[in-house]
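Just the heavy atoms: all of them, side chains too, but no hydrogens, waters or symmetry mates, feed the values below.
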Amino acid sequence: MKRLLFASLLTLPFLLPACQFDAGTVVCEDGTTPGPTLPVPSTVKALQTQLGAAVQTFTYDPTRANTFTGSKGTIVTIPANAFVKNGQVVTAPVQLAFREIFSRADMVLSNMPTVSNGRVLQSAGEVYLQPAQDTTLRMAPGATIRLQTMNPPNVSPQDTMRLFVAPGSSGSGSGSASSCFNWTLNTDPGSTLSPTPTGNLITVSSVLYNQGIGWFNCDRFYSTPNPQTITVNVAGTNIDPQKNTMVFAVFRAFNGTLSVCDFTAPNIFRSGGVPLGAAVSIVVIRTVDNKLYYGRQDGTVQVGVPFAPVLQETTPGDLIASLNTL
């Protein structure tokens with residue numbers, strides 16, 4: 001059986017033969033769900049790397065067209081001789097890193113919210129594709145990569161999506177854990193998004209890819225006729241969004257999340273562009289003294305009414321389980 005393992009669990013496969021790890025859950029062939037306790041991340045950046053969407057690795061053979069299928073059903077098609085280095089066609093195998101984010105839980109844990117220039121987005125799936133080792137590789141002029149995604153259950157096939165993109169250096173494991181992530185609407189005419197009966201087909205041109213773009217998102221702008229600023233008061237001391245605290249608004253009516261990342265010391269987080277009356281779950285995650293704390297407050301966005309989730313100590317497994325109910 002194929003095993004999808006968190007990086008922190010790579011040393012443990014001998015403990016659980018015939019079991020599969022997926023999004024924090026261990027499922028064995030006999031239906032049981034045992035498993036080692038996930039270690040507590042020391043920082044929020046470590047949490048995003050450890051518990052965020054798994055990095056899958058594919059080996060690309062430049063001598064032929066390649067097709068890979070991700071663990072969540074995304075089909076990646078890359079033509080022969082697709083990569084160049086210093087202007088020369090790469091003839092050796094290339095290791096590619098690939099990620100798929102379709103659920104709101106993965107958006108939170110991977111620090112990949114759905115927002116573009118302050119406007120909330122509804123997502124039908126975020127995917128990442130970049131060389132795993134040699135970041136100097138480029139796509140050959142005229143080459144295209146195709147990414148065929150599957151719609152998550154809470155997205156209707158009738159929803160008209162557009163292609164949004166972000167640099168490959170964005171998201172969990174790169175840059176600042178607290179940075180306010182932003183998607184950009186694609187402007188490259190050679191890169192397109194087309195609906196399919198079960199999802200969307202993303203075509204990525206060499207022009208777009210060679211701009212350093214590694215994240216691709218099937219999105220549409222969510223209607224926000226009366227945008228509001230939400231305020232979240234976080235309990236505790238030494239609150240530092242760079243190291244130990246992350247705050248998200250998870251939208252309950254559609255597949256989208258918002259990083260509440262505008263921080264004012266000592267404990268206030270804000271974010272604008274939120275629809276008035278929207279049903280949300282405000283999620284606060286803290287890592288303090290090798291312990292993990294989690295708070296969630298469900299409610300609706302009202303004018304001038306702040307949120308203040310109550311934090312309780314938790315485990316990585318219980319955190320994932322709670323987020324997966326959203």
Side-chain angles (χ1 to χ4, degrees), residues 3-13 15-16 19-28 30-55 71-72 99-113 152-154 172-173 177-178 232-241 243-252 255 257-260 269 279-299 307-326:
R3 293 177 173 83
L4 302 176
L5 306 180
F6 286 113
S8 59
L9 298 176
L10 291 176
T11 61
L12 297 173
L15 296 176
L16 293 169
C19 300
Q20 177 173 333
F21 295 73
D22 189 15
T25 302
V26 184
V27 180
C28 295
D30 60 4
T32 61
T33 56
T37 301
L38 295 171
V40 175
S42 59
T43 65
V44 290
K45 185 172 181 179
L47 181 144
Q48 294 160 7
T49 301
Q50 176 182 321
L51 304 183
V55 178
S71 62
K72 298 185 184 300
R99 302 178 74 189
E100 299 165 288
I101 298 177
F102 291 94
S103 71
R104 287 167 287 196
D106 277 346
M107 293 176 193
V108 172
L109 292 171
S110 306
N111 192 31
M112 294 297 296
N154 54 349
S172 60
S178 66
V232 181
N233 299 318
V234 177
T237 59
N238 300 319
I239 294 170
D240 186 348
K243 298 178 180 179
N244 60 30
T245 307
M246 57 187 292
V247 181
F248 262 75
V250 179
F251 297 102
R252 306 303 300 271
N255 200 42
T257 65
L258 180 66
S259 175
V260 187
F269 291 76
V280 296
S281 291
I282 302 299
V283 169
V284 176
I285 302 171
R286 299 203 67 206
T287 58
V288 181
D289 296 330
N290 295 316
K291 294 182 179 180
L292 182 63
Y293 294 88
Y294 169 61
R296 168 180 160 185
Q297 181 180 354
D298 298 339
F307 292 87
V310 177
L311 298 179
Q312 295 182 329
E313 187 176 354
T314 189
T315 66
D318 287 343
L319 169 63
I320 294 169
S322 177
L323 292 176
N324 278 332
T325 66
L326 296 175

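The backbone N or O of Y293 sits nowhere less than 3.5 Å from a side-chain atom of T314 that would complete a donor-acceptor pair. When atom types are taken as modelled, the side chain of E100 and the backbone of K72 share a donor-acceptor pair closer than 3.5 angstrom. Proximity of a side-chain donor or acceptor of N255 to a complementary backbone N or O of P152 within less than 3.5 Å is not detected. Looking only at distances, no side-chain donor or acceptor of Q297 sits under 3.5 Å from a matching main-chain atom of I282. Within the 3.5 Å criterion, the main-chain N or O of L319 finds no donor-acceptor partner in the side chain of S322.
Tested against Y294 for a side chain to side chain contact (heavy atoms under 4.5 Å, CB included), the candidates L323, L311, V310, D318 yield a single pass: L323.
Atom CZ in R286 sits 7.5 Å away from atom CG in N238 (nearest 0.5 Å). In this structure, CE on M112 lies 9.5 Å from CE on M107, to the nearest 0.5 angstrom. Put simply, CD1 on I239 and CZ on F269 are 6.0 Å apart, with the number rounded to the nearest 0.5 Å.
Between V283 and I285 the shortest side-chain heavy-atom distance falls below 4.5 Å. Considering only heavy atoms from C-beta on, F307 stays 4.5 Å or farther from V260 through its side chain. Here the side chains of T287 and S42 are not in contact, with every heavy-atom distance at 4.5 Å or above. At least one side-chain heavy atom of M246 sits less than 4.5 Å from a side-chain heavy atom of Q48. Taking 4.5 Å as the limit, some side-chain heavy atom of R252 sits within range of a side-chain heavy atom of L326. With a 4.5 Å cut-off on side-chain heavy atoms, L258 and F248 do not count as touching. You'll find the side chain of V250 stays beyond 4.5 Å of the side chain of V280, heavy atoms only. Contact check for Q50 versus L38: side-chain heavy atoms found under the 4.5 Å cut-off.
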Review point. Step by step, would you call N244 with T43 a side chain to side chain contact (heavy atoms under 4.5 Å, CB included)?
Key: CA-CA 5 Å; N244 60 30; T43 65; over 6 Å; no
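For the residue pair S110 and G52, the shortest heavy atom distance occurs at OG-CA, 3.3 Å. In terms of heavy atoms, N111 sits closest to S259 at OD1-OG, 4.4 Å. Considering every non-hydrogen atom in both V40 and K291, the closest pair reads CG1-C, 3.9 Å. Scanning both residues, P309 and V284, for their nearest heavy atoms gives CG-CG2, 3.9 Å.
Salt bridge D106/R104: absent, no basic N to carboxylate O contact under 4.0 Å.
With hydrogens and angles left out, the side-chain atoms of S281 and D298 include a donor and acceptor closer than 3.5 Å. Using a 3.5 Å distance cut-off with no hydrogens or angles, the side chains of S71 and R99 do not pair a donor with an acceptor.
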